[in-house]
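We name chains A, B, ... by the order of the sequence lines, and we start the count at 1 in each one.
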Amino acid sequence: MPELPEVEVVRRGLERWTTGRTVAAAEVLHPRSVRRHEAGPADFAGRLAGRTLLGPRRRGKYLWIPLDGEEEAVLAHLGMSGQLLVGEPDRDREKHLRVRAGFADGGLDLRFVDQRTFGHLMVADLVPDTFDKAALVPEPIAHIAADPLEDAFDAEVFFRALRRRKTGIKRALLDQSLISGVGNIYADEALWRARLHWARPTETMTRAEAARVLEAAQEVMSAALAVGGTSFDSLYVNVNGESGYFERSLDAYGRRDEPCRRCGAAIRRDEFMNRSSYSCPVCQPRPRRARY
DNA sequence: CCCCGACCCTGCCCGC
DNA sequence: TGCGGGCAGGGTCGGG
C-alpha cells in the first residue's frame, strides 16, 4: 500500500492521538502480524504493557513509536493492506483486527488491522542513524536509505549509487536501500513527470535525469501528502478511517488507455515484477537498451 | 556480491 | 448465481 505520503498521514494521526499515553495491555490476535518479533507474540505484548508511547517517527514506508526510555520502539510496516486505527475501545472488532493496544487512561484504543497480513509490528532496539547522527532508528531498518522528503537525503549519494547499478530506473526507485518511501504508484508518477521510461538503464543515466526523477518524486509525494494521500478504496485511510484525495491527481498510475494529460496518447500498461507499470508511449519512449 | 523471479496472504471484480 | 482467473499500493528470500 501505503507509500510514503500515506504512511506520513498515519504518523501524524498517531502523533496527535497516542503521544504521551501509557499502554495498559496489548493483545496479538494473529501471530503472523508479529512474525518478525523473534521472541514471539507474548513477548511483544509484554513489552508494551505499562510503557508510554513517545512521538512517532517515520522513514520511507516504515513507522515507529519510541517507547519511554528511548532505547526501543514499536516498529510498524503496513505492507499492502495494513491500517493503524484509533477509536472508541468498545466498538466492534474489525474482521481483520490483528493487534490491539488499550491505554491506562481508558480512552481511544490503537488497532492494527491488516487484511492480507503482509504488514507487521515488532518491538526493536533503537540505534544511532547512519545519515543523521543526532537521530535514532530501529536496528532492523538501519540499512534502508533515507527518503527523499528527509533533510538527511543526499542526492549525490543517490546518483552515484544509481550509476553503480545495472538495472532499470523503476526497479531502482523501488529498492529501499537506494531510496526509501517510493512504491509502485509514485514511481510511475515520478517517471511520468520526468519523462523517463521505467526500463531506462540506471548505469547510463545522467546527473540531470537523476535530478529530474528525484525532484519529480519529491513533488508528487508532497502534493499527495497535502491532500491526505492516495485512496482508491477503504483500505487506505488515516487513523480515523478517512480517505485521501490524491487519486484524482494521478497522471499515469491506473490510467490504462486513458489520454496522457500532456500529449493525449493512450497510457499503456506493461507487466513489471508481477505487477503493473503505467506510462505514456510518446512522452516516455522505451529505451533501445532496456533493463528490467 | 548483484540481480531477478517466486512467494507470502485475502478479497474483489470480471468474464464465462 | 457460482466459479476460476487475474489483480491489488508491500518486503523477503533463494537460485543463478
Side-chain angles (χ1 to χ4, degrees), chain A residues 1-10 29-38 58-63 75-84 94-98 112-122 124 138 140-141 143-145 147 161-192 198-199 201-203 217 220-221 224-225 228-238 243-256 269-278 290-292:
Chain A
M1 122 80 188
E3 305 182 33
L4 188 158
E6 294 75 34
V7 178
E8 176 61 15
V9 167
V10 172
L29 295 115
H30 196 315
R32 184 172 151 80
S33 294
V34 295
R35 63 194 176 281
R36 297 197 61 200
H37 186 87
E38 290 185 13
R58 182 192 54 74
R59 165 164 285 165
K61 303 169 199 169
Y62 284 91
L63 179 64
L75 176 62
H77 193 291
L78 302 178
M80 294 282 264
S81 56
Q83 304 173 313
L84 284 165
E94 294 80 357
K95 182 173 182 189
H96 301 293
L97 178 63
R98 309 304 189 192
F112 181 62
V113 175
D114 187 12
Q115 177 197 111
R116 294 174 70 185
T117 68
F118 285 1
H120 64 91
L121 303 182
M122 68 189 297
I141 64 163
H143 68 287
I144 77 169
D147 69 57
L162 262 191
R163 296 275 307 203
R164 284 195 298 269
R165 287 299 176 98
K166 290 191 186 320
T167 190
I169 180 61
K170 181 165 175 182
R171 204 176 264 277
L173 288 175
L174 297 179
D175 184 337
Q176 306 297 300
S177 67
L178 285 179
I179 177 172
S180 67
V182 181
N184 206 33
I185 291 181
Y186 297 113
D188 280 2
E189 294 301 305
L191 290 168
W192 182 86
W198 54 269
T202 50
E203 71 266 36
V220 72
M221 291 198 294
L225 181 54
T230 299
S231 306
F232 297 123
D233 56 46
S234 60
L235 277 184
Y236 303 101
V237 295
N238 66 17
S243 297
Y245 291 97
F246 197 67
E247 191 218 343
R248 63 188 66 171
S249 308
L250 296 176
D251 290 311
Y253 187 85
R255 299 194 64 240
R256 181 179 197 167
R269 173 191 178 275
D270 297 317
E271 270 189 39
F272 170 79
M273 291 171 79
N274 275 337
R275 302 155 83 179
S276 301
S277 246
Y278 298 90
R291 277 195 182 277
Y292 309 98

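Under the 3.5 Å distance criterion, the side-chain polar atoms of Thr202(A) are matched with a main-chain donor or acceptor of Thr167(A). Between the Glu189(A) side chain and the Ala217(A) main chain, no donor and acceptor come within less than 3.5 Å of each other. Remark: side-chain polar atoms of Glu8(A) are not paired, donor with acceptor, to backbone N or O of Leu225(A) under 3.5 angstrom. Judged purely by atom type and a 3.5 angstrom limit, Gln176(A) has no side-chain atom pairing as donor or acceptor with the backbone of Ile144(A). Judged by distance alone, with hydrogens and angles left aside, the side-chain atoms of Gln115(A) form no donor-acceptor pair with the main-chain N or O of His96(A) at under 3.5 Å.
Separating the P atom of dT12(C) from that of dG11(B) is a span of 24 Å, rounded to the nearest Å. Taking atom P on both nucleotides, dG9(C) is separated from dC3(B) by 23 Å, rounded to a whole Å. Taking atom P in both dG11(C) and dC12(B), the straight-line distance is 24 Å, to the nearest Å.
As a whole-Å value, the separation of Glu203(A) CD from dC2(B) P is 15 Å. In this structure, the CG atom of Leu178(A) is 12 Å from the P atom of dC4(B), given to the nearest Å. Atom CG of Leu4(A) is separated from atom P of dG11(C) by 11 Å (rounded to the nearest Å). Separating the CD atom of Glu189(A) from the P atom of dG9(C) is a distance of 12 Å, rounded to the nearest angstrom. The nearest whole Å value for the distance from the CD atom in Glu271(A) to the P atom in dC4(B) is 17 Å. Summarising the geometry, the separation between NZ on Lys170(A) and P on dG5(B) is reported as 14 Å, rounded to the nearest angstrom. Taking atom OH on Tyr253(A) and atom P on dG9(C), their separation rounds to 3 Å, with Å as the unit. Taking atom CZ on Arg59(A) and atom P on dG11(C), their separation rounds to 15 Å, with Å as the unit.
The side chain of Ser81(A) contributes no N or O atom lying less than 4.0 Å from OP1 or OP2 of dA8(C). Look at Lys166(A) and you won't find any side-chain N or O under 4.0 angstrom from OP1 or OP2 of dC2(B). Side-chain N/O atoms of Arg291(A) include none lying less than 4.0 angstrom from OP1 or OP2 on dC2(B).
Looking at the side chain of Arg165(A), the nearest of the listed nucleotides dG9(C), dC3(B), dG11(C) is dC3(B). Out of dG11(C), dA8(C), dG9(C), the shortest distance to the side chain of His77(A) is found at dG11(C).
Within 4.0 Å (heavy atoms only), Tyr186(A) reaches no atom of the nucleic acid at all. Among the heavy atoms of the strands, none lies under 4.0 Å from Phe246(A). When heavy atoms are screened at a 4.0 angstrom cut-off, Arg35(A) is found touching no nucleic acid atom at all.
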Next on the checklist: Asp147(A) vs Arg58(A), test: salt bridge (charged side-chain N to carboxylate O under 4.0 Å, His left out). Steps then yes/no.
Outcome noted: CA-CA 9 Å; Asp147(A) 69 57; Arg58(A) 182 192 54 74; 3.0 Å; yes
Item to check | Summary of protein contacts for nucleotides 7-14 of chain B, nucleotide by nucleotide, where a base hit scores B, a sugar-phosphate-only hit scores S (4.0 Å, heavy atoms) | outcome: -BBBS---
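Residues Arg269(A) and Val182(A) both approach DNA chain C. Their nearest nucleotides, taken by heavy-atom distance, put Arg269(A) toward the 5′ side.
Test Asp270(A), Asp175(A), Asp188(A) against Lys170(A) for salt bridge (Lys or Arg N to Asp or Glu O under 4.0 Å) and you get one pass: Asp188(A).
Ring-plane geometry between Tyr253(A) and Tyr278(A) is classed as perpendicular, the angle between the planes exceeding 60 degrees on a 0 to 90 degree scale with a lower cut at 30.
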Checklist entry - So what does the secondary structure string of DNA chain C come out as, 5' to 3', with Watson-Crick or wobble pairs under 3.5 angstrom, [ ] for crossing and | for pairs with another strand? => result .|||||||.|||||||
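Between the side chains of Tyr62(A) and Ser180(A), no donor-acceptor pair is found at a separation under 3.5 Å.
The heavy-atom pair separating Pro2(A) from Gly82(A) by the smallest distance is CG-O, 4.5 Å.
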